[in-house]
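Taking it in order: structure first as structure tokens, then the write-up.
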Amino acid sequence: MRTPTGTPEITLVGAGLAGSLLAIFLARRGYRVTLLERRLDPRKTGASAGRSINLALANRGIAALEEVGVMESVRSELIPMAGRMLHDEEGRLRLIPYGNKPHEVIYSVSRAGLNTLLLDAAESTGRVSIRFGATVSGVDFAGRRVRFLSGNDSQPQTTPYEVLIGTDGSASAVRAAILERTGGRLAEEPLGHGYKELSIPAADGGRFRMERGALHIWPRGEYMLIALPNVDGSFTATLFLPNEGDESFQALTTTEAVHALFERRFADAIPLMPSLGEDFFENPTGHLETIRCEPWSFEDQALVLGDAAHAIVPFHGQGMNAAFEDCSAFDQGLGNPDRPWDEIFTQFEERRRPNTDAIADMALENYVEMRSTVREPKFQLKKDLSFRLEERHPGRFIPRYSMVMFHTIPYAEAKRRGAIQEEILEELTSRAASLDEVDLARADRLIAERLS
Ligand SMILES: Cc1cc2nc3c(=O)[nH]c(=O)nc-3n(C[C@H](O)[C@H](O)[C@H](O)COP(=O)(O)OP(=O)(O)OC[C@H]3O[C@@H](n4cnc5c(N)ncnc54)[C@H](O)[C@@H]3O)c2cc1C
């Protein structure tokens with residue numbers, strides 16, 4: 001059986017966020033890395049690095065970027081967001097802080113900017129070579145070769161690999177090959193809602209047209225609009241809407257229909273979006289789903305990680321963060337380089353799967369919170385109470401959102417503790433209309449009994 005010690009070179013498929021970061025981790029361990037990437041070099045073409053223009057970066061992602069020493073360069077690209085700025089239907093604003101401490105913020109970052117920085121950092125190791133315009137179409141496991149189409153060629157080429165890692169995103173070709181070879185299982189769970197990106201340009205002089213230090217949300221029950229700031233003073237807004245039905249992407253077939261929906265439900269956003277109609281019909285409608293698959297690897301040959309192994313809906317802002325955490329966890333698994341690859345792969349999957357399943361569930365739950373629950377007075381009361389309980393029981397009671405975004409507590413543990421905490425919050429607020437009416441002595445007892 002092959003081991004990391006006997007493997008000087010690793011082939012990665014996909015130079016997106018996970019692939020470029022993993023290449024840096026592997027190069028630091030001394031491997032030569034070849035990356036095959038379908039896109040042309042985004043640094044030369046200026047092409048968008050893929051879906052969603054900006055993303056929320058949080059603690060888990062930051063921890064992985066720090067491990068490979070690139071966080072300092074990333075910092076200048078970040079805009080801190082301290083909370084959710086809710087826009088109600090009358091245009092009134094209310095900020096709900098994400099965390100309880102000044103450093104508990106998340107960061108808006110450009111996907112293309114971050115990807116470029118990671119590609120540069122990978123190449124600067126001198127051990128990583130990236131072949132752009134190479135679309136992997138299959139894997140010949142018997143011959144240990146990967147098939148790919150280069151440029152406009154219609155005939156696939158092949159290249160040998162020693163170990164192959166698929167970081168090729170939610171429609172992964174490497175995953176398809178592993179599942180076909182192993183007779184594995186693929187579960188695709190469409191959300192039934194899609195998304196559309198829309199732009200809010202900067203005002204004169206590059207000024208922000210709304211509060212820059214927040215993630216803006218227009219929660220409307222069944223659907224929502226959100227907006228994240230960009231360093232140039234603009235915001236990227238994303239409309240999340242059912243695919244079908246009266247108020248849906250399917251129903252919005254004319255500019256008039258789009259404007260009518262916005263006038264009815266997002267009136268205060270209209271003056272911020274001078275190109276709403278054009279954006280809506282020029283930009284694609286994105287598809288949202290949760291993907292779980294099993295197994296993630298084949299023998300000592302191939303593994304998938306990041307979205308290729310576990311794509312999730314974007315409502316907890318954790319897909320990239322989880323993918324970065326995967327890279328760090330995989331790197332830790334290489335600590336003993338004399339263990340065979342198949343053992344390393346299997347152990348990686350055993351350790352990560354409960355956590356990636358947990359964040360997939362929490363991301364789905366968060367859609368309901370963002371588009372609906374966040375508007376309810378009870379939500380605010382529970383949020384205030386959870387901050388108060390965190391102050392009374394530091395390290396023991398940590399709001400679930402904080403465990404996911406501001407800590408590196410394993411996702412499965414955050415989900416488990418979060419469920420117990422939610423029961424406690426529910427019991428304490430069932431008859432209370434304000435924080436003053438909550439029985440804190442009872443809260444202390446419940447926490448002592450139920451949270452170790
Ligand atoms: C609307 C939206 C908003 C999001 N917001 C957030 C957020 O705020 N925070 C967060 O943490 N996450 C967010 N995510 C999730 C995040 O985008 C993904 O989890 C992340 O991009 C996963 O990285 P990856 O490298 O695994 O996959 P990708 O980023 O998809 O990279 C895959 C790469 O592989 C390449 N590739 C694909 N197929 C092939 C092939 N056959 N051959 C060669 N190359 C190939 C692609 O070109 C791409 O470069 C969001 C997602 C969406 C859709």
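We count ligands from 1, going down the list as the structure has it; atoms in each ligand are counted the same way. Owing to the predicted nature of the structure, the values given are computational and were not obtained by experimental measurement.
The six-membered or imidazole ring of Phe330 lies away from that of Phe25, with a centre-to-centre distance of 6.0 Å or more. Separation of the His316 and Tyr401 ring centroids falls under the 6.0 Å cut-off.
Of the heavy atoms in Thr238, none comes closer than 4.0 Å to ligand 1. Using a 4.0 Å cut-off between heavy atoms, Leu57 makes no contact with ligand 1 at all. In Ala18, the parts holding a heavy atom less than 4.0 Å from any atom of ligand 1 are both the side chain and the backbone. Using a 4.0 Å cut-off between heavy atoms, Tyr195 contacts ligand 1 through its side chain alone, with no backbone atom that close.
Each of the atoms 42 (N), 43 (C) of ligand 1 lies under 4.0 Å from some heavy atom of Val13. Contact atoms of ligand 1 toward Arg39: 47 (O), 49 (O) (distance under 4.0 Å to a heavy atom of the residue). Close approach of ligand 1 to Thr135 is summarised as follows: ligand atoms under 4.0 Å from at least one heavy atom of the residue are 41 (N), 42 (N). Short contacts between ligand 1 and Gly306, defined as distances under 4.0 Å to a heavy atom of the residue, involve ligand atoms 26 (O). Close approach to Leu36 involves these atoms of ligand 1, each under 4.0 Å from a residue heavy atom: 43 (C), 44 (N). The distance from ligand 1 to the heavy atoms of Thr167 drops below 4.0 Å at these ligand atoms: 32 (C), 33 (C), 34 (O).
Classification of Asp88 and Arg94 as a salt-bridged pair fails, no side-chain N sitting under 4.0 Å from a carboxylate O. Ionic pairing of Arg2 and Glu299 is not present here: no N-O contact between side-chain nitrogen and carboxylate oxygen is shorter than 4.0 angstrom. Salt-bridge check for Asp300 with Arg144: passed, with a basic side-chain N closer than 4.0 Å to an acidic carboxylate O. Remark: Arg400 does not engage Glu369 in a salt bridge, criterion side-chain N to carboxylate O under 4.0 Å. Arg28 and Glu67 are not joined by a salt bridge, as no carboxylate oxygen comes within less than 4.0 angstrom of a charged side-chain nitrogen.
For ligand 1, the polar-atom distance check against Ala56 finds a nitrogen or oxygen pair separated by under 3.5 Å. By the 3.5 Å distance cut-off applied to N or O atoms, Asn54 is not counted among the residues near ligand 1. At least one N or O atom of Val136 sits closer than 3.5 Å to an N or O atom of ligand 1. Taking only nitrogen or oxygen atoms, main chain and side chain alike, Met320 reaches within less than 3.5 Å of ligand 1. Between Asn321 and ligand 1, at least one N/O pair is under 3.5 Å apart. Residue Gly319 has at least one nitrogen or oxygen atom sitting less than 3.5 Å from a nitrogen or oxygen atom of ligand 1, judged on distance alone. Of the N or O atoms in Gly317, one or more lie within a sub-3.5 Å distance of an N or O in ligand 1. Annotation: Arg38 places an N or O atom under 3.5 Å from an N or O atom of ligand 1; distance criterion only.
Contact annotation: Leu17 has at least one heavy atom less than 4.0 Å from an atom of ligand 1. Residue contacts with ligand 1 include Ala134, since one or more of its heavy atoms lies under 4.0 Å from the ligand. The closest approach between a heavy atom of Arg111 and any atom of ligand 1 is below 4.0 Å.
Listed for the Thr125 side chain is a donor-acceptor partner under 3.5 Å among the backbone atoms of Arg127. Between the side chain of Arg292 and the backbone N or O of Ala311, no donor-acceptor pair lies under 3.5 Å.
Under the 4.5 Å side-chain criterion, counting only non-hydrogen atoms from C-beta, Met370 is not in contact with Phe240.
Taking a 6.0 Å sphere around CD of Glu89, one finds it holds more than 12 heavy atoms contributed by other residues, nucleotides or ligands. The number of heavy atoms from other shown groups lying within 6.0 Å of CZ (Arg264) is above 12.
A cation-pi arrangement, defined by a distance under 6.0 Å to the six-membered ring centre and an angle within 45 degrees of its axis, is absent between Arg131 and Phe148.
Looking at Gly138, Pro314, Ala323 and measuring to atom 3 (C) of ligand 1, the nearest heavy atom belongs to Pro314.
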